[in-house]
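Keep in mind that what you see is a predicted model, and the values were worked out from it rather than measured. Computation of the quantities below employed the complete heavy-atom set of this structure, encompassing side-chain atoms and omitting hydrogens, waters and symmetry-equivalent molecules.
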Amino acid sequence: MDVRQSIHSDHARQLDTAGLRRQFLIEKIFEADACTMTYSHIDRIIVGGIKPVVKTVSIGSEVGKQLGVSYFLERRELGVINIGGAGLIVVDGEAYELGPQEALYVGQGARNVEFSSFDPARPAKFYYNSAPAHTHYPNRKITLAEASPQTLGDDATSNRRTINKLIVPEVLPTCQLTMGLTKLAEGNLWNTMPCHTHERRMEVYFYFDMDDETAVFHMMGQPQETRHLLVHNEQAVISPSWSIHSGVGTKRYAFIWGMVGENQVFGDMDHLAVSELR
């Protein structure tokens with residue numbers, strides 16, 4: 001488990017490129033037949049990926065010991081979105097088949113979660129976020145057809161995109177975790193611009209569907225002290241509540257966002273005009 005401490009905004013503005021990457025960028029999300037796990041002290045979110053190829057990968061009591069509990073989800077909830085080939089998730093004996101870009105919510109209290117792929121030649125890639133939870137809500141699979149979609153932006157500002165809200169209150173109940181998948185229209189490069197902050201929630205962006213030579217310049221930092229991280233395919237950025245989170249790519253891409261914090265109101269944002277940024 002990779003543990004990341006909380007970083008004060010005054011500290012972040014003094015970091016060089018290597019320091020910013022060390023604190024906020026998760027460079028390796030997927031490893032064959034393994035589960036990666038990054039624990040952030042910012043709202044205690046856990047971020048990672050599971051890529052079962054020829055083996056079944058499970059999360060249970062072994063991870064729980066690292067968290068000081070009996071098993072991983074004893075006091076947590078879990079959101080999973082598959083960006084690879086078709087796969088299977090078994091939660092305490094109940095099986096859920098997840099195709100590409102389908103999601104699964106697993107409620108607090110699930111003792112054993114197992115992940116496998118149907119085709120080793122095209123393995124599933126299960127990207128997940130986990131947050132502390134106070135009660136159990138039912139497990140549920142969510143398809144793109146069941147998501148709450150919203151299309152924003154336009155071609156003139158190069159930010160036309162569709163936000164597929166998969167794990168949000170209008171789709172299903174959770175304790176605090178929300179997740180979704182945003183796709184940029186062909187020829188569009190910007191996400192979340194004009195940008196915003198939200199003091200009441202932190203956020204993680206996971207970028208994918210990118211070529212080897214494609215990159216996203218992810219903007220972060222306080223509005224008057226902006227910085228950037230160069231992000232490549234299947235990498236994630238931890239965004240504290242004091243930071244903007246926006247990006248521009250060298251080519252069209254997609255990303256998964258996950259939020260944890262005080263509320264689940266998607267529109268609770270402190271919007272910023274481009275003229276306010278420095």
Side-chain angles (χ1 to χ4, degrees), residues 1-6 26 29-31 34-52 56-83 87-96 98 102-116 124-142 165-169 171-181 200-206 236-241 256-264:
M1 183 185 295
D2 179 16
V3 178
R4 306 285 180 96
Q5 296 183 3
S6 298
I26 306 174
I29 293 291
F30 293 113
E31 295 180 6
C35 171
T36 68
M37 186 170 289
T38 298
Y39 181 107
S40 172
H41 281 267
I42 302 173
D43 286 311
R44 301 194 179 277
I45 193 171
I46 293 179
V47 179
I50 301 166
K51 182 183 176 182
T56 296
V57 180
S58 64
I59 305 179
S61 58
E62 183 176 336
V63 175
K65 292 176 183 177
Q66 299 179 68
L67 299 173
V69 292
S70 300
Y71 52 95
F72 179 46
L73 297 180
E74 182 177 344
R75 299 179 62 86
R76 284 184 165 271
E77 59 185 350
L78 177 72
V80 182
I81 299 177
N82 181 18
I83 66 162
L88 185 71
I89 303 178
V90 180
V91 183
D92 290 338
E94 186 172 0
Y96 301 87
L98 252 66
E102 293 184 336
L104 178 68
Y105 172 78
V106 182
Q108 175 263 337
R111 285 184 169 271
N112 194 55
V113 188
E114 298 179 330
F115 302 80
S116 59
K125 291 182 178 180
F126 298 111
Y127 172 74
Y128 72 88
N129 288 174
S130 174
H134 62 277
T135 192
H136 169 79
Y137 286 109
N139 305 335
R140 181 177 161 186
K141 173 183 171 179
I142 310 101
K165 304 171 190 174
L166 290 159
I167 301 176
V168 293
V171 176
L172 78 168
T174 69
C175 291
Q176 62 168 321
L177 179 66
T178 58
M179 293 180 72
L181 191 158
R200 293 149 294 279
R201 295 191 305 274
M202 65 84 66
E203 190 159 8
V204 176
Y205 272 19
F206 168 68
V237 178
I238 300 169
S239 181
S241 58
I256 294 171
W257 46 268
M259 293 186 285
V260 173
E262 297 292 340
N263 66 33
Q264 297 178 310

- Going by heavy atoms in the side chains, are Glu102 and Leu104 under 4.5 Å from each other? no

- Query: How close do Ala103 and Ile81 get, heavy atom to heavy atom, and via which atoms?
  - Reply: CB-CG1, 3.9 Å

- Message: Main chain of Gly261, side chain of Gln176: is a donor-acceptor contact present, judged purely on distance under 3.5 Å?
- Response: yes

- Query: Is the number of heavy atoms from other residues, nucleotides or ligands within 6.0 Å of CZ (Arg200) greater than 12?
  - Reply: yes

- Query: Is there a side-chain contact between Val260 and Asn129, using heavy atoms and a 4.5 Å cut-off?
  - Reply: no

- Any side-chain heavy atom of Arg4 sitting closer than 4.5 Å to one from Thr38? yes

- Kindly compute the distance separating CD1 (Ile89) from CG (Leu98), expressed to the nearest 0.5 Å. 5.0 Å

- Task: To the nearest 0.5 angstrom, please state how far the CG atom of Leu181 sits from the CG atom of Leu166.
- Result: 6.5 Å

- Message: Can you confirm whether Ile26 sits close enough to Ile238 that some side-chain heavy atom of one is under 4.5 Å from a side-chain heavy atom of the other?
- Response: yes

- Any side-chain heavy-atom pair of Tyr96 and Glu94 under 4.5 Å: yes

- Query: So which of Arg140, Gln264, Gln108 actually passes side chain to side chain contact (heavy atoms under 4.5 Å, CB included) with Thr174?
  - Reply: Gln264

- Query: In Å and rounded to the nearest 0.5 Å, what is the OG1 to CD1 distance from Thr36 to Ile46?
  - Reply: 11.5 Å

- Could you tell me the separation between the CE atom of Met202 and the CG atom of Asp43, rounded to the nearest 0.5 Å? 6.0 Å

- Task: May I ask you to decide if the ring planes of Phe115 and Phe126 are parallel, tilted or perpendicular, using 30° and 60° as cut-offs?
- Result: tilted

- Query: At what distance, to the nearest 0.5 angstrom, does CD1 of Ile167 lie from CG of Leu177?
  - Reply: 5.5 Å

- Could you grab the distance from atom OG of Ser239 to atom CD of Glu203, nearest 0.5 Å is fine? 6.5 Å

- Message: Treating Glu77 as the side-chain partner and Tyr105 as the backbone partner, does any N or O pair qualify as donor plus acceptor under 3.5 Å?
- Response: no

- Message: Please check this pair: side chain of Arg201 against backbone of Met259, looking for a donor-acceptor N/O pair closer than 3.5 Å.
- Response: no

- Message: Please check: side-chain N/O of Asp92 versus main-chain N/O of Arg111, any donor-acceptor pairing under 3.5 Å?
- Response: yes

- Query: Heavy-atom distance under 4.5 Å between the side chains of Val80 and Ile50, does that happen here?
  - Reply: no

- Query: How far apart are the C-alpha atoms of Lys165 and Trp257, what are their side-chain angles, what is the distance that settles it, and do they pass the side-chain contact (heavy atoms from CB on, under 4.5 Å) test?
  - Reply: CA-CA 9 Å; Lys165 304 171 190 174; Trp257 46 268; 4.0 Å; yes

